[in-house]
Amino acid sequence: MTEPTSRLPGDMPAASAVARMIRVDHAGEYGAVRIYQGQLAALRRSDKADLLRHMLAQEQVHLATFNRLVADRRVRPTALLPVWHLAGFALGALTASLGERTAMACTVAVEEAIDAHYQKQLDTLDRSEPELRATISQFRAEELEHRDTGLAHGAEQAPAYRLLSAVIKTGCRAAIALSERI
């Protein structure tokens, strides 16, 4: 495991950096719940519905954990939650309405973006936060499980997979950057 980088003059104070992590992870898990809710709205009668419900249930646990961390640590949630409420559901519903493989392609793209995000946090998170490190590490593993599930269910066979994946990943990175700050 990579050691966290040492702080330099002008770096954000550790407490502010942790609050930013909690804020953005809360927003991301909120968005993930909404994506799966959108996918289920479109695919509720599909043979993938139980699979989507399972992934949604895991994301709901992630969100509940970050809801608790936001409250316990008095972290200001992002002001963009209403945007992510609509955007997450729309992304899930739209991709699922294009078919099961496209829904799985969405899942893979989102989870790959979140994997990179969580890994970056683990690389920089101070060792004085063992509980937060363990939470992020566990959730990262579950996000990778979702990615693998999407790949096993035909994500790469979705029409325009590479383009769709690139667009969704770009949107995720933008949402991360905005949620950290706003």
Side-chain angles (χ1 to χ4, degrees), residues 4-5 7 10-41 52 55-96 103 105-126 128-129 131-147 150 164-182:
T5 58
R7 296 227 170 282
D11 282 353
M12 180 183 301
S16 297
V18 169
R20 183 179 268 199
M21 286 181 189
I22 291 169
R23 176 175 27 267
V24 71
D25 293 351
H26 174 257
E29 297 299 348
Y30 184 86
V33 165
R34 293 298 291 159
I35 290 168
Y36 285 115
Q37 288 171 339
Q39 288 180 340
L40 274 167
L52 292 171
M55 292 188 287
L56 172 60
Q58 286 182 310
E59 298 295 353
Q60 289 170 324
V61 170
H62 298 181
L63 178 57
T65 300
F66 280 107
N67 280 336
R68 181 183 52 78
L69 286 169
V70 162
D72 290 351
R73 295 193 183 207
R74 297 180 180 187
V75 173
R76 176 188 54 80
T78 180
L80 296 172
L81 282 180
V83 175
W84 305 150
H85 182 82
L86 296 173
F89 189 89
L91 177 61
L94 177 63
T95 57
C106 174
T107 295
V108 169
V110 168
E111 302 302 11
E112 286 179 350
I114 297 309
D115 168 44
H117 168 72
Y118 275 160
Q119 185 60 58
K120 182 179 174 184
Q121 286 184 338
L122 290 169
D123 290 345
T124 61
L125 190 59
D126 188 283
S128 67
E129 291 284 349
E131 188 177 326
L132 184 57
R133 289 181 66 80
T135 296
I136 291 171
S137 183
Q138 175 190 338
F139 291 176
R140 178 177 174 260
E142 290 172 3
E143 305 299 1
L144 289 171
E145 176 189 315
H146 297 172
R147 179 209 57 202
L164 179 66
S165 179
V167 169
I168 292 171
K169 286 179 185 179
T170 299
C172 288
R173 287 189 295 269
I176 288 167
L178 290 167
S179 293
E180 284 177 333
R181 291 163 180 82
I182 299 174

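Distance alone, capped at 3.5 Å, places no donor-acceptor pair between the Arg20 side chain and the Arg181 backbone. A donor-acceptor contact shorter than 3.5 Å is absent between the side chain of Ser137 and the backbone of Arg133. At least one donor-acceptor pair closer than 3.5 Å links the side chain of Thr95 to the backbone N or O of Gly92.
Closest approach of Ala27 to Leu81, counting heavy atoms only: CA-CD2, 4.2 Å. Contact detail for Ser179 and Arg23: the closest heavy-atom pair is O-CD, 3.3 Å. Closest heavy-atom contact between Cys106 and Ile168: CA-CD1, 3.7 Å. In terms of heavy-atom proximity, Pro77 sits nearest to Val70 at CG-CG1, 3.9 Å.
Side-chain N/O atoms of Thr78 and Trp84 include no donor and acceptor closer than 3.5 Å. When only modelled atom types and interatomic distance are considered, Asp115 and Gln119 share no side-chain donor-acceptor pair under 3.5 Å.
Rounding to the nearest 0.5 Å gives a distance of 7.5 Å between CG of Leu86 and CZ of Arg34. Here the straight-line distance linking atom NE2 of His26 with atom CG of Asn67 works out to 4.0 Å at 0.5 Å rounding. Here Asp25 contributes atom CG and Ile114 contributes atom CD1; the two are 8.0 Å apart, rounded to the nearest 0.5 Å. We find the CG-CG distance between Leu122 and Leu132 to be 8.5 Å, quoted to the nearest 0.5 Å. The distance from atom OH of Tyr36 to atom CG of Leu91, rounded to the nearest 0.5 Å, is 11.0 Å. Separating the NE2 atom in His146 from the CD atom in Glu142 is a distance of 6.5 Å, to the nearest 0.5 Å.
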Would Lys120 and Met21 count as a side-chain contact (heavy atoms from CB on, under 4.5 Å) if you check the C-alpha gap in whole Å, the side-chain angles of each, and the deciding distance to 0.1 Å? CA-CA 10 Å; Lys120 182 179 174 184; Met21 286 181 189; over 6 Å; no
Worked check of side-chain contact (heavy atoms from CB on, under 4.5 Å) between Glu59 and Ile35: CA-CA 10 Å; Glu59 298 295 353; Ile35 290 168; over 6 Å; no
Derivation of the side chain to side chain donor-acceptor pair (under 3.5 Å) call for His117 and Gln121: CA-CA 6 Å; His117 168 72; Gln121 286 184 338; 3.2 Å; yes
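Proximity of Leu125 to Val18: side-chain heavy atoms (C-beta onward) are separated by under 4.5 Å at one or more points. You'll find the side chain of Met55 stays beyond 4.5 Å of the side chain of Gln39, heavy atoms only. Put simply, the side chain of Gln37 does not reach to within 4.5 Å of the side chain of His85, judged on heavy atoms. Using a 4.5 Å cut-off on side-chain heavy atoms (C-beta onward), Val75 and Leu69 make no contact.
Residue pairs meeting the salt bridge (Lys or Arg N to Asp or Glu O under 4.0 Å) criterion with at least one member in residues 166-177, sequence neighbours excluded, are Glu112-Lys169. The salt bridge (Lys or Arg N to Asp or Glu O under 4.0 Å) pairs that include a residue from residues 73-90 are Arg73-Glu129, where partners are two or more places apart or lie in different chains.
Note on ring orientation: taking the six-membered ring where Trp is involved, the planes of Phe139 and Phe66 are perpendicular (angle over 60°, cut-offs 30° and 60°).
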